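Here's the structure we're looking at; comments come further down.
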Amino acid sequence: MNRAVPMIRLTVNGAARPVAADPARRLSDVLREDLGLTGTKVGCDAGDCGACTVLIDGAPVCACLTPAAQAEGCEIRTVEGLSQTAEGGAALGALQRAFLRHGAAQCGICTPGMLMAATALLKEVATPTEDQARAALGGVLCRCTGYGRIIAAVCDAGRDMVGPAPSAGAAVGAALERLDGLPKVDGTEAFGADLWPAGALVVRAVRAPHPAARFVFGDLIDWAGPRQVRVFTAADIAGENRFGVIPPFADQPALAEGEARLRGEAIAIVVGEAEVMATLDLDDFPVIWEPLDPVTDPEAAAGARAVLAARPDNVLTRGRVVQGDAAVGLAGAAHVAEATARTSFVEHAYIEPEAGLAWLEGDVLAIRACTQAPVMDRDDVARVLGLAPGKVRIIPSAVGGGFGSKLDVSLQPLIGLAALKTGRPCRMVYSRTESMQSTTKRHPARMRARIGADASGRICGMDFEGTFDTGAYASWGPTVANRVPVHASGPYRTPNYRAETVAMHTNNPVAGAFRGFGVPQAAVVQEAAYDDLAQALGMDRLAFRRLNALAEGERSVCGQEMRGVGIGACLDALTPRWEAALAEVAEFNAAGGTVKRGIGVASCWYGCGNTALPNPSTVRAGITRDGRLVLHQGATDIGQGSNTVIPQIFADALGVAVAEIALVGPDTFLTPDCGKTSASRQTVVTGNAALRAGWALRAQILARTNRGDDARITLAPGKLLVADRTGTAEIALADLAAGAQGYVLMAEESYDPPTEPLDENGQGVPYAVYGYGAHLAEVAVDMMLGTVKVGRITAAHDLGRVVNPLLALGQIEGGIAQGLGMALMEEYVPGRTENLHDYLIPTTGDMPRIDPILIEVPDPKGPLGAKGLGEHVLIPTAPAILSAIRHASGARVTHLPALPHRVLRAIREAGR
Amino acid sequence: MSAWHRPASLTEAIGLLAEGGVVAAGCTDLFPATRRQALSGPVIDLTRVAEMRGISETRGGWRFGAAVRWSEVLSAALPPAFDGLKAAAREVGSVQIQNAGTLGGNLCNASPAADGVPGLLTLEAEVELAGPAGMRRLPLAAFLAGARRTALAPGEVLVAIHVPSHAAAGRGAFLKLGARRYLVISIAMVAARLVVKGGRIDRAAVAVGACGPVASRLPALEAALAGIAPEDAAAAVSEALVAPALAPIGDVRGDAEYRGVVAVELVRRALRGLAAEGMR
């Protein structure tokens with residue numbers, strides 16, 4: 001201690017950057033904190049994710065594992081150096097432009113690491129093969145893209161070109177580069193951890209080391225005083241210490257009160273100056289734990305100790321959809337198949353751990369953090385901290401992946417509390433372990449389905465039961481319990497149907513929203529039973545599904561008359577590859593050998609938006625006096641592309657080029673509520689609002705100028721030009737009075753998808769718009785090792801109307817990557833896989849060739865016919881892979897993930 | 001604030017060690033073990049110790065400085081006996097880890113799943129240790145005392161790894177089994193080296209990793225392989241010749257029974273691959 005801080009002579013991007021720093025510090029920390037080079041991202045601090053990759057003397061290393069001392073005297077290159085021209089100016093390099101052109105950056109958090117690893121490769125090999133690119137990027141994880149666009153960009157970096165920008169009225173359908181892409185490739189994108197004022201205090205949480213335990217604090221003041229920090233607990237919370245995404249179920253304390261109900265639950269926060277917090281040891285924090293017997297098995301939870309006193313039987317909620325009589329339908333079936341499946345906790349594993357900053361703007365608490373749901377955050381923070389919602393301002397940072405988990409608040413109430421109590425800006429960044437321990441997961445499910453078909457192969461009944469482990473608090477448990485029965489039939493005609501679910505509390509991690517809300521789990525058991533039925537009937541598996549696919553105007557299991565039904569078209573689109581692959585597989589397997597190939601198919605359908613509940617979006621657009629067109633785009637873009645897709649829809653509705661639009665994001669003080677980015681709702685719901693806002697603004701302009709519907713609108717400094725066959729009219733904007741929002745012309749339109757409540761049997765209209773899809777998976781199974789290699793996936797998706805094919809492809813490839821991970825490797829075990837080397841997500845080398853097929857069966861209620869896509873894309877992947885494993889090897893894997901030891905056991909049980 | 005020492009010589013390093021401190025090289029295991037942004041010191045960084053650097057052919061065989069990084073192993077010109085070690089080098093973490101992590105660190109960290117160990121065991125590697133009491137050499141198998149345990153005495157460092165000339169003969173192979181392609185901890189791994197003379201296996205060295213607290217050689221199998229044709233080697237592998245040397249556990253990556261089964265299969269495949277290489 002008290003040793004003088006030495007100067008370390010770093011050379012970064014060609015410039016000498018001497019810095020007074022502890023030589024034992026991580027280089028990533030020195031670059032970010034001391035040199036302000038926040039383009040280098042930190043995802044794990046353990047070398048597991050590669051987000052912090054920098055070049056040292058040309059060689060890629062993880063900056064988080066590199067002590068500053070070892071970088072001294074070396075040439076360090078970071079993402080910021082990639083946009084430097086030789087003359088010292090700033091311009092994107094060819095690789096960065098290729099990333100934009102190919103849609104290689106979605107959320108953008110892994111992009112700097114990818115760019116640096118690729119830069120090292122391209123120095124060795126100017127035009128690498130895909131295999132070389134995969135090997136070079138194998139150490140950088142991406143959770144959004146499925147790597148396909150990234151590999152394409154790296155291999156294509158030498159072929160620099162610029163595509164034409166679409167003209168007015170031609171944006172929808174164009175493969176537009178993302179409009180918010182530039183900062184993602186030049187290192188300037190500011191995620192939750194990337195922006196803070198000098199002198200901001202640092203917040204850390206004290207967390208429960210046990211899944212269930214009572215606790216009492218020791219003398220907090222005695223502990224905090226000498227350490228020059230402050231401690232806040234539940235006793236400091238002025239409001240109602242309960243948050244939750246569904247207000248009637250809100251049950252989760254921001255800081256636990258006397259009892260912790262899951263491992264990693266926060267019980268206190270410690271706040272102090274950054275340099276104090278950097279070395280603060282929380283191991284001697286004064287708390288005494290009294291561990292309780294944890295409830296860990298959802299199927300035994302009913303008779304166990306109550307996790308929450310308010311729910312003594314540990315039942316959070318039940319879901320039910322009944323149509324006709326399942327028992328009668330099954331009794332009359334020629335064939336009945338029964339399938340069971342068990343799935344695991346799946347971690348979202350976005351590369352950006354939760355991070356944010358809170359500060360006071362007068363009497364307003366402002367929070368800038370990563371989120372998928374700014375207005376819900378505002379309301380939860382206000383409730384917990386005892387503020388009026390209007391006194392909380394949520395400014396979403398760039399979000400480094402969400403996939404459902406960043407719908408719930410995490411650190412927002414904690415940094416908000418710290419800022420209120422100290423009056424100072426307060427920042428917090430979760431460690432990877434904290435992020436994995438304390439945030440939500442995909443619900444583990446134990447499911448059983450019995451499905452019957454008549455002699456001609458038509459489904460005549462289905463009975464489904466599922467128990468979902470919802471963990472310690474409600475989160476999105478009710479949504480999962482309700483969505484699953486609505487969707488468990490799959491997109492198939494199912495006349496006699498009973499599906500019942502229960503969400504059980506345990507002391508496991510909180511299960512919440514994860515891309516698909518339980519539907520991916522349910523599809524596993526339904527599609528397995530379909531394979532059994534096809535086999536019993538002697539029918540081809542694809543033909544059996546096609547026979548039972550829902551058709552236009554038929555009714556769903558909720559009794560809803562379905563329109564714009566694209567599942568038949570999706571299955572038809574797979575047929576050519578299916579037939580070819582069947583022949584290839586037969587030929588390959590006939591040659592013998594320890595590797596067997598197989599193919600499988602599965603479908604999806606998914607209702608877009610809330611289940612039979614309102615979920616409106618409001619879009620505002622205005623023109624300023626100086627002629628700027630501003631779109632308040634409130635759909636939080638977590639990488640999926642709302643910042644591009646919504647302007648595309650709006651631009652065509654107004655009749656201007658996308659390039660004319662200036663975006664204002666979902667700051668709750670600037671932009672109307674577009675709801676949460678979840679349930680594949682933004683293209684449909686916010687898209688519809690944007691469409692209407694565009695139309696309304698156009699109507700105003702045409703009415704003012706008395707021009708016809710086909711008039712062309714041109715923005716010019718201080719004026720609008722509106723031309724049709726009768727001539728050009730001009731609106732002098734400076735002559736108009738600006739409204740309260742600062743616009744001389746403005747439109748604000750809302751859209752709420754029309755649904756009808758479900759009755760006690762789940763009958764009604766749960767969603768206005770559905771999307772459809774089907775995957776054909778081709779796999780190779782090593783019969784001696786139980787390993788599975790997915791070689792190719794053909795993915796047919798009905799988007800209704802393809803707004804942006806480049807972004808759609810990114811969604812498909814990324815969804816397949818998550819589906820593949822769920823099928824083959826992802827299993828979160830509390831206390832054992834709380835990092836990204838024990839918890840595995842797919843790398844560049846695990847992804848198959850993906851052949852997307854985009855289908856357009858317009859939805860009458862979708863904007864320009866468009867449907868959602870984000871969640872659909874991962875639903876069929878796991879069941880298609882499992883089907884293919886079984887086809888190849890006979891192995892019926894019922895416990896996901898299909899890790900090699902489980903596959904090998906199943907092969908042996910199948911007697912192969 | 002920690003002191004950071006970068007000794008240039010072994011003498012200097014041992015002198016610093018006597019005063020106490022954390023020994024560091026590639027830091028790829030040290031940083032993941034702390035939640036802090038800095039290592040707690042004083043740190044003795046061995047990456048500039050002259051005696052710990054470089055790969056060289058010596059009179060007695062080959063010498064690898066303990067601070068040699070995995071990427072240096074990959075780019076070194078080495079005889080085919082080291083092909084298994086090179087294959088392992090390619091599987092250590094990621095390119096980023098291979099550019100930082102060292103051979104010596106891999107051994108001193110003593111993970112049961114250390115990728116470098118099986119290959120070095122088949123190369124009959126010896127470790128050179130230095131401390132206040134002077135230098136000593138140990139067979140690698142004796143150095144690895146258990147999971148996360150080594151024979152390093154207080155104040156002692158691993159200076160180099162030696163592969164004797166007689167073990168630098170023949171051809172080596174390495175196979176790693178994990179649940180994904182890159183950046184993965186082994187479920188099981190196998191290294192093998194065959195010396196073939198006159199169409200017969202003159203000497204066989206086979207080792208299995210991640211199937212016990214430390215990787216281990218398979219002496220019974222090696223004896224059974226001696227004298228047979230390389231193309232018959234895979235068929236000579238049986239569970240009885242492999243299992244006694246292993247003590248697998250079950251964990252999140254796989255169960256114990258599975259490890260036992262796949263170890264046998266991986267041994268067969270490694271030998272089959274070597275036989276095929278020899279045919280070319």
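Values below: every heavy atom of this structure, side chains too, minus hydrogens, waters and symmetry copies. Each chain gets a letter, A, B and so on, in the order the sequences are listed, and its residues count up from 1. Owing to the predicted nature of the structure, the values given are computational and were not obtained by experimental measurement.
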Given heavy-atom pairs under 4.5 angstrom as the criterion, report whether the side chain, backbone, both or neither of [X] touches chain A.
{"X": "B/Leu177", "answer": "side chain"}
{"X": "B/Val22", "answer": "neither"}
{"X": "B/Ala256", "answer": "neither"}
{"X": "B/Arg48", "answer": "side chain"}
{"X": "B/Thr28", "answer": "both"}
{"X": "B/Ser40", "answer": "neither"}
{"X": "B/Val261", "answer": "side chain"}

Residue pair [X] / [Y], side-chain heavy-atom distance below 4.5 Å:
{"X": "B/Arg35", "Y": "A/Glu434", "result": "yes"}
{"X": "A/Gln70", "Y": "B/Thr47", "result": "yes"}
{"X": "A/Pro900", "Y": "B/Val262", "result": "no"}
{"X": "B/Ile97", "Y": "A/Leu65", "result": "yes"}

- Message: For the CZ atom on B/Arg53, are there more than 12 heavy atoms of other groups (residues, nucleotides or ligands in this structure) within a distance under 6.0 Å?
- Response: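 12 or below, so no.
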- Query: Got a sec: does the CZ of A/Arg9 have more than 12 other heavy atoms crowding it under 6.0 Å?
  - Reply: no
To the closest 0.5 Å, what do you measure between [atom1] ([X]) and [atom2] ([Y])?
{"X": "B/Leu183", "Y": "A/His837", "atom1": "CG", "atom2": "NE2", "result": "11.0 Å"}
{"X": "A/Thr66", "Y": "B/Phe31", "atom1": "OG1", "atom2": "CZ", "result": "7.5 Å"}
{"X": "A/Met825", "Y": "B/Arg180", "atom1": "CE", "atom2": "CZ", "result": "7.0 Å"}
{"X": "A/Asp838", "Y": "B/Ile185", "atom1": "CG", "atom2": "CD1", "result": "5.0 Å"}
{"X": "A/His901", "Y": "B/Ile187", "atom1": "NE2", "atom2": "CD1", "result": "8.5 Å"}
{"X": "B/Arg181", "Y": "A/Thr843", "atom1": "CZ", "atom2": "OG1", "result": "7.5 Å"}

Heavy-atom distances under 4.5 Å only: say whether [X] touches chain B with side chain, backbone, both or neither.
{"X": "A/Thr594", "result": "side chain"}
{"X": "A/Glu72", "result": "backbone"}
{"X": "A/Arg908", "result": "side chain"}
{"X": "A/Ile841", "result": "both"}
{"X": "A/Cys44", "result": "neither"}
{"X": "A/Val61", "result": "both"}
{"X": "A/Ala278", "result": "backbone"}
{"X": "A/Asp48", "result": "backbone"}
{"X": "A/Leu904", "result": "side chain"}

Salt-bridge present ([X], [Y]; N to O < 4.0 Å):
{"X": "A/Arg905", "Y": "B/Asp255", "answer": "yes"}
{"X": "B/Asp251", "Y": "A/Arg832", "answer": "no"}
{"X": "A/Asp782", "Y": "B/Arg269", "answer": "yes"}

Side-chain donor-acceptor contacts of residues 114-121 of chain A below 3.5 Å, not counting sequence neighbours, with atom names and distances?
from, atom 1, to, atom 2, distance (Å)
A/Thr119, OG1, A/Leu115, O, 2.7

- So which heavy atom on B/Val43 is nearest to which on A/Ala24, and how close? CG2-CB, 4.5 Å
- Grab the two heavy atoms, one from A/Pro23 and one from B/Trp4, that are nearest each other, plus how far apart they are. CG-CB, 3.5 Å
- Greatest number of heavy atom pairs closer than 4.5 Å to chain B - which of A/Pro67, A/Gly786, A/Gly47: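 Ranked by contacts with chain B, first place is A/Pro67.
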Between [options], which has the largest tally of heavy atom pairs under 4.5 Å with chain A?
{"options": "B/Ala24, B/Pro32, B/Ala188, B/Ser94", "value": "B/Pro32"}
{"options": "B/Arg259, B/Arg268, B/Arg253", "value": "B/Arg253"}
{"options": "B/Val252, B/Leu30, B/Asp29", "value": "B/Val252"}
{"options": "B/Ala33, B/Ala38, B/Gly178, B/Ala100", "value": "B/Ala38"}

- Message: I'd like to know whether B/Glu265 forms a side-chain contact (heavy atoms from CB on, under 4.5 Å) with A/Met783, so could you lay out the CA-CA distance, the side-chain angles of the two residues, the decisive distance to 0.1 Å, and finally the verdict.
- Response: CA-CA 11 Å; B/Glu265 177 63 16; A/Met783 300 294 283; over 6 Å; no
- Message: I'd like to know if the side chain of A/Asp45 pairs up with that of B/Gln37 as donor and acceptor (distance under 3.5 Å, no hydrogens or angles considered).
- Response: yes
- Item | Worked check of side-chain contact (heavy atoms from CB on, under 4.5 Å) between A/Asp281 and B/Arg36 | CA-CA 9 Å; A/Asp281 191 352; B/Arg36 291 194 182 182; 3.9 Å; yes
- Item | B/Tyr258 (side chain) donor-acceptor with A/Leu785 (main chain) under 3.5 angstrom |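 Present.
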